[in-house]
Amino acid sequence: MTSQLVQSVDWLTIAPPVLTAAVALAVLVADLFLPPERKQVLGWTAIGGLTAALALLVPLRAGDRSTFCLTPDTRVTACSYTADHFTLVVQLLVLAGALLTALLSLDATREKTPAGGRPSPRGHLPAGEYWFLLLSSAAGAALLPASRDLATLVVALEVASLPAFALVGLKRGDRRSGEAALKFFLSSVTATAVTLLGASFVYAATGTLHLTEIAQRLDDVPGQLQTLAEAGVALTLVGFAFKTAAVPFHFWVPDTYVGAPLPVAAYLSVVGKAVGFTGLILVTVVAFPSYADVWGPALAFLAALTMTAGNVAALRQLSTRAWSAVRLLAWSSVAQAGYLLVPIAAAAYSGNDQVGATVAYALMYAVVNLGAFAVVALVARVRPRNRIEDYRGLYAASPAAALALAFFLLNLAGLPPGIIGLFAKVTVFSAAVDAGLGWLAVVMALNVVIALYYYLRWTALLFRTPEEAPQEAPGEVLKEAPGETPAGAPEGAREGSVALHRSSAPITLAIALTAAAGAVLSGYPQFALRFATTTLF
């Protein structure tokens with residue numbers, strides 16, 4: 001009996017999230033002793049820690065390790081932490097996404113100190129706090145796919161989410177940043193409360209928190225607890241729908257992306273989304289398969305509603321409105337969430353194999369969306385208001401940046417030469433057809449056509465003849481005082497030429513890495529699908 005109560009710990013199995021958390025603590029302590037001119041060391045330390053965490057996935061590639069189990073024999077019992085292939089694929093996505101975000105963040109965390117003066121509170125993010133929060137969130141995001149009980153799942157979800165609130169509101173002197181953080185906080189806290197209520201109902205009905213045991217016991221719930229179990233399943237799904245930004249729980253996305261620092265917006269669009277969808281896959285496919293007739297149609301309806309609302313809103317963005325480029329990517333992110341929901345809904349009708357399409361699509365989306373945000377961050381150095389119109393003639397000023405952004409946008413649209421984007425959309429479309437969801441496949445096809453317009457409109461703008469700086473859209477009110485450069489913009493970044501004379505080595509490296517990854521996947525698109533589908537559960 002005593003041996004069953006003693007938890008054995010496989011330290012190698014839990015090494016990736018543990019190392020990430022340890023580096024976060026080390027950065028926080030080191031920040032107390034480093035002078036302002038040496039704060040950049042913290043950024044490179046964070047990058048080194050994330051690289052090491054990625055390297056620790058290699059010894060786990062067999063996908064057969066578990067720890068924190070009910071009995072010493074991990075083959076016959078439920079475990080709270082499982083490093084299977086599904087876990088490793090998502091951890092690769094999360095840690096690589098955090099690493100690219102760190103590269104985008106290096107310039108934003110470099111303190112700008114005038115000669116003989118104090119560091120300016122505007123134009124940079126506080127290095128110590130930023131790197132600690134980013135690494136903490138990444139540690140929680142890496143823990144979540146390995147979680148196999150509801151308690152660990154909720155804890156990981158909050159460890160990933162709570163630092164993100166602070167990251168969004170970390171821009172000093174910017175009112176939009178505070179407003180965005182508040183909206184993000186309120187929506188996320190609501191989602192957490194609903195998820196916890198649902199988890200408590202499920203526990204009351206089944207008497208266990210382990211996902212595999214919940215799946216077994218939901219089939220034999222006593223009649224008097226049946227309503228409680230059904231309510232628990234429904235509330236848990238609603239909570240994760242908030243996290244995935246599915247309509248109608250998406251209202252926080254555009255304002256949050258605009259108000260957050262650009263690297264944080266990129267992080268939320270990829271890692272934050274991966275966290276939500278991973279949790280949703282675990283609770284539906286692993287814990288609630290006996291309720292597939294309930295969550296399958298519900299997720300199919302949410303998928304159709306989400307992709308339609310996201311694409312229609314992206315279509316309506318004015319190219320001359322301030323921050324319209326970020327808003328378009330935000331609404332595009334909502335639409336992409338709808339596509340990601342399709343294979344999960346299909347799994348309710350035709351088996352767990354369909355979930356691999358969501359993972360494959362998420363891998364593609366992570367690469368090209370981070371690349372698009374990297375180019376947006378590069379342009380924002382000279383055009384801080386980030387209008388879509390600001391990209392007119394980018395090819396004449398910076399051919400490499402224009403070609404990279406065109407490649408990323410065409411991937412998101414599902415057009416060549418970005419074969420991986422087309423391949424991913426066909427995979428999701430096939431999942432809907434194979435599951436007998438013909439109506440959802442039709443809705444998706446219509447939405448892909450809608451998305452083509454705004455992606456191609458932005459792409460075409462890159463190769464047009466440059467014009468003078470655009471006028472503000474009617475009714476657009478600027479927040480900054482006259483003559484003041486917006487927070488986060490380099491000194492002297494004014495309207496005019498879009499020439500990227502202030503290029504950044506870390507941002508350029510991020511663009512190169514994402515473009516190279518997209519090119520490799522486009523040359524061999526089967527790799528993403530095979531890597532994701534043959535290794536799940």
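Just the heavy atoms: all of them, side chains too, but no hydrogens, waters or symmetry mates, feed the values below. Keep in mind it's a predicted model, so treat the numbers as computed, not measured.
The two residues S80 and D149 have their closest heavy-atom pair at OG-OD2, 2.6 Å. Summarising the geometry of A46 relative to V23, their closest heavy-atom pair is CA-CG1, 4.4 Å, with the distance given to 0.1 Å. The minimum heavy-atom distance linking L134 with A98 is given by the pair CD2-O, 4.4 Å. Considering every non-hydrogen atom in both L19 and A52, the closest pair reads CD2-CB, 3.6 Å. Across all non-hydrogen atoms, the minimal contact from A102 to I47 is CB-CG1, 3.7 Å. Of all heavy-atom pairs between V94 and A274, the closest is CG2-CB, 4.4 Å.
In this structure, F184 and W252 have parallel ring planes: the angle between them is below the 30° cut-off, well short of the 60° mark.
S332 places no side-chain N or O within 3.5 Å of a backbone atom of L328 that could act as its donor or acceptor partner. Proximity of a side-chain donor or acceptor of T514 to a complementary backbone N or O of A510 within less than 3.5 Å is detected. Looking at K39, its side chain does come within 3.5 Å of a backbone N or O of L34 through a donor-acceptor pair. Side chain of E213 to main chain of L209: no donor-acceptor pair is present (N/O by atom type, distance under 3.5 Å, no hydrogens or angles). Using modelled atom types, no side-chain atom of S333 and backbone atom of L329 make a donor-acceptor pair closer than 3.5 Å. In this structure, T306 contributes its side chain and V247 its backbone to a donor-acceptor pair below 3.5 Å. Counting only distance, with no hydrogens or angles, the side chain of R381 and the backbone of L378 share no donor-acceptor pair below 3.5 Å. Not a single donor-acceptor pair under 3.5 Å links the side chain of T152 to the backbone N or O of S147.
Atoms OG and CG, from S188 and L157 in turn, are 7.0 Å apart once rounded to the nearest 0.5 Å. Atoms NZ and CZ, from K183 and F251 in turn, are 9.5 Å apart once rounded to the nearest 0.5 Å. Remark: I511 CD1 to L403 CG distance equals 12.0 Å, nearest 0.5 Å. Atom CD1 of I14 and atom CZ of R65 lie 11.0 Å apart (nearest 0.5 Å). The line from CZ of F185 to OG1 of T192 is 9.0 Å long, rounded to the nearest 0.5 Å. Atom OG1 of residue T45 and atom CG of residue D31 lie 11.0 Å apart, to the nearest 0.5 angstrom.
Taking 4.5 Å as the limit, some side-chain heavy atom of V154 sits within range of a side-chain heavy atom of T195. Inter-residue side-chain proximity for T358 and Y361 is flagged as unmet; no heavy-atom pair is nearer than 4.5 Å. Contact of the L412 side chain with the Y365 side chain is registered, since non-hydrogen atoms from C-beta on lie closer than 4.5 Å. Using a 4.5 Å heavy-atom threshold, the side chains of R327 and D255 count as touching. By the 4.5 Å heavy-atom criterion applied to side chains, L125 and S105 are not counted as neighbours. Proximity of L95 to P16: side-chain heavy atoms (C-beta onward) are separated by under 4.5 Å at one or more points. By the 4.5 Å heavy-atom criterion applied to side chains, P126 and L170 are counted as neighbours. Side-chain atoms of L280 and L341, non-hydrogen and from C-beta on, do get closer than 4.5 Å to each other.
For the side chain to side chain contact (heavy atoms under 4.5 Å, CB included) criterion with V375, the lone passing option out of I507, L405, L462 is L405. Partner of F240 under the side chain to side chain contact (heavy atoms under 4.5 Å, CB included) criterion, chosen from T284, V194, V275, L153: L153.
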Any chance you could lay out the side-chain contact (heavy atoms from CB on, under 4.5 Å) test for L370 and F408, step after step, and finish with the verdict?
-> CA-CA 9 Å; L370 280 171; F408 298 137; over 6 Å; no

Working for side-chain contact (heavy atoms from CB on, under 4.5 Å), residues D84 and T87 = CA-CA 5 Å; D84 57 14; T87 298; 2.9 Å; yes

Given N386 and Y391, is the side-chain contact (heavy atoms from CB on, under 4.5 Å) satisfied, shown in steps?
-> CA-CA 8 Å; N386 238 313; Y391 294 78; 2.6 Å; yes

Between S137 and Y267, does a side-chain hydrogen bond (donor to acceptor under 3.5 Å, both in side chains) hold up when you go through it step by step?
-> CA-CA 10 Å; S137 180; Y267 177 83; 2.7 Å; yes

Test side-chain contact (heavy atoms from CB on, under 4.5 Å) applied to F132 and L25, step by step = CA-CA 7 Å; F132 169 73; L25 291 174; 4.1 Å; yes

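In summary, E158 and K243 engage in a salt bridge, as defined by a charged side-chain N under 4.0 Å from a carboxylate O.
Applying the ring-ring contact (aromatic ring centres under 6.0 Å, His included) rule to Y81 yields no partners; only residues at least two apart in sequence or on another chain are considered.
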